[in-house]
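Reading through the structure tokens given below for one structure.
Only this structure's heavy atoms are used, side chains among them; waters, hydrogens and symmetry mates stay out.
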Amino acid sequence: MFYPNTVSMLLQKIDAKSPTNSILVGISTIQVFVLFLAAYFRLIDADEGYYLLAARLVSEGKVLYSDFFYTQMPLLPYIYALWGKIFGLSWFGARMLNAVTTLCIALLTVGIVRQYVKQYVADRNHQVQIILTTFIIFLGSNFVLNWFVVVKTYAFSIFFVMLAIWIVEVYARSYLFRSLFFAGIALGLSIQSRLFFCVLIPVFVAYIIYFDRVSKKEKSLLLQQSVFFLGLTIALAPCLYWIVVNARDQFFFGNFGYHQIRSDYSLFKAIAQKIFISIKLFVPVIDLHAMCLQFSVLFFANLLVVWRCIKNKSTNLSVLSMATMFTLFLVSFAPTPTYVQYFSILIPLLIVGLMSSDFVGQINRNRLTLYVCLYLCLVPFELYRITVSGNDVAGILNKQDASNLTISTVREISEIISNANPNDSSYQTIALWPGYSIESNSEMLDGLENHFGIEVANRLTQKNRSLYHIASFSDVAEAIAEKNSFVVIGAWNQNRITEEMLLSQGYQEIGRAGFTKVFLNLPRSFQEQL
């Protein structure tokens, strides 16, 4: 395993008299602390609510797709549910799992880079510097601090991709068939986290052909491909439960149908939006927070590396990582609308592409350390932005949203609901965002477990809304009129449920946290007990 070997090598080869490496060790330690700090205080992203509620429902025995609406592949809720069974399902617990996963991605990135550093750098102390630099620029990337620590698909999907690449890069030359089998499993788990990673299947197939020609293993190419696909099939096999046994229509709608109707963009508007995202990624001067500056630097550095390799007819780079990176870059533009956050999954691949080339080994050691420090200059500003101000953070429209969307605020709302809950199953929570229900003892109104559902409800027939467990605004209004629910006005409410509407129907405010309020209408005898 590379983990103990890498750590051992670092401990043995760090020169105590080298101020450069001592500085880098200190920065590495600080960056690990910053990662957990970001995970703990990062403002809540809207999607986290439905991912974590899905994990809670799964842990309670409900089934994805057939019991509630879910819009991704099935692996993620089960990972968080298992973590919750061991450590308790909570906002902070889930964020810590993401932080640990992010550290594992950092180690995988280091492990891949180390395979190449040993080839083009003879000085062991210089090897250590490059490895530490790899670790630092990964954890110091704004996209990592912003998107890998939140409960979304990014950290786990790219973790499994990096695991597949690492298995092939490190073990294929010694254990060809075993490495291809486990790489197939890892890639399958990535697809189980997010469907569009299936585009990497032909990339790995092509690389197996390329590797067979370069390494001259003289083993059956068909057998190599078969072993890889065997691992891939085993990892994807659980999907058959929904496709064949349980909820085929709901499964396909969650993974395909919803994504086809979620946007009403015209072709012209969709293309224009993708062009704008491209400009934002590569011309960071238009981004007042320079959020994408690091990304653009890494991307253009990779283009330079590829150009130098072609010019010099060199293969001193991770071909598989480069091919994976460019493929994911292109497919990240496929969804409409396209968001900057989609490109966060490229960061470890961009770092591998740059640091695994001999280009970095030729840079003066002191200059390399200077470049690292410059790369990290934006980190304090990014931390403030994603934990306090909320400026240009997805889903945060103003300071009120930033106040509503801290973990402490959401937990306070959950506590208010739990304390007021009469333990009657007829009392549910009505909120246009499911995150308030995660740590409370109240269930969400059926059909509101996923905040995306209500956005497309008017594009579906009543029969399909019932089949896919999607509530419409009229369903929400009827539930409010029945006066047996907690109603939360807060994040992402967008004035669809107003305080005046609730007060006119006899609801009373029973608590608030920040700008978020909880209303309830109960018999007077119970109100007196509150």
Side-chain angles (χ1 to χ4, degrees), residues 44-72 76-77 80-81 84 89-91 94 151 250 254 258 395 404-405 407 409-457 460 465-494 496-497 502 507 510-511 513 516-522:
I44 290 175
D45 181 87
D47 294 2
E48 292 186 275
Y50 92 83
Y51 283 122
L52 275 184
L53 184 57
R56 172 187 160 179
L57 295 175
V58 163
S59 68
E60 292 173 352
K62 293 191 176 181
V63 181
L64 284 176
Y65 310 113
S66 60
D67 290 335
F68 58 94
F69 178 47
Y70 187 70
T71 58
Q72 294 288 357
L76 219 60
Y80 287 106
L89 187 62
S90 67
W91 281 98
V151 182
Q250 295 94 321
Y258 161 76
N404 279 335
L405 297 173
I407 292 179
T409 297
V410 172
R411 295 184 79 179
E412 282 184 55
I413 295 297
S414 297
E415 187 176 351
I416 291 169
I417 294 172
S418 296
N419 291 338
N421 194 355
N423 295 318
D424 183 343
S425 60
S426 64
Y427 288 92
Q428 296 179 305
T429 297
I430 297 176
L432 300 187
W433 179 64
Y436 298 115
S437 185
I438 291 165
E439 293 190 27
S440 77
N441 61 359
S442 173
E443 294 185 359
M444 288 293 293
L445 176 72
D446 186 37
L448 291 183
E449 297 92 348
N450 186 321
H451 61 288
F452 291 121
I454 202 167
E455 301 294 339
V456 299
L460 301 170
R465 289 201 299 268
S466 177
L467 177 65
Y468 303 139
H469 298 279
I470 293 175
S472 65
F473 286 113
S474 60
D475 296 328
V476 172
E478 289 177 12
I480 290 175
E482 291 178 4
K483 302 179 180 179
N484 61 348
S485 299
F486 300 96
V487 181
V488 181
I489 298 180
W492 298 292
N493 186 58
Q494 300 177 11
R496 292 165 177 168
I497 304 174
L502 297 175
Y507 280 81
I510 62 169
T516 305
K517 301 176 182 179
V518 182
F519 291 83
L520 183 62
N521 188 308
L522 287 173

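- Judged by distance alone, with hydrogens and angles left aside, the side-chain atoms of Glu455 form no donor-acceptor pair with the main-chain N or O of Gly453 at under 3.5 Å.
- A donor-acceptor contact shorter than 3.5 Å links the side chain of His469 to the backbone of Ser66.
- Atom OH of residue Tyr50 and atom NE2 of residue His451 lie 7.5 Å apart, to the nearest 0.5 angstrom.
- The backbone N or O of Asn441 sits less than 3.5 Å from a side-chain atom of Asn421, completing a donor-acceptor pair.
- No hydrogens or angles considered: nothing links the side chains of Asn404 and Thr409 as a donor-acceptor pair under 3.5 Å.
- Between Tyr80 and Tyr51, a ring centre-to-centre spacing not shorter than 6.0 Å is recorded.
- Side-chain contact between Ile454 and Phe473 is present, with at least one heavy-atom pair separated by less than 4.5 Å.
- Judged by distance alone, the side chain of Glu439 and the main-chain N or O of Trp91 form a donor-acceptor pair under 3.5 Å.
- Using a 3.5 Å distance cut-off with no hydrogens or angles, the side chains of Ser474 and Ser472 do pair a donor with an acceptor.
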Do Glu60 and Arg56 pass the salt bridge (charged side-chain N to carboxylate O under 4.0 Å, His left out) test, and can you show the C-alpha distance, the side-chain angles, and the key distance before you say yes or no?
-> CA-CA 6 Å; Glu60 292 173 352; Arg56 172 187 160 179; 2.9 Å; yes
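- Aromatic ring centres of Tyr468 and Tyr258 lie farther apart than the 6.0 Å criterion allows.
- Evaluation of the ring-ring contact (aromatic ring centres under 6.0 Å, His included) rule for Phe519 yields no partner, not counting sequence neighbours.
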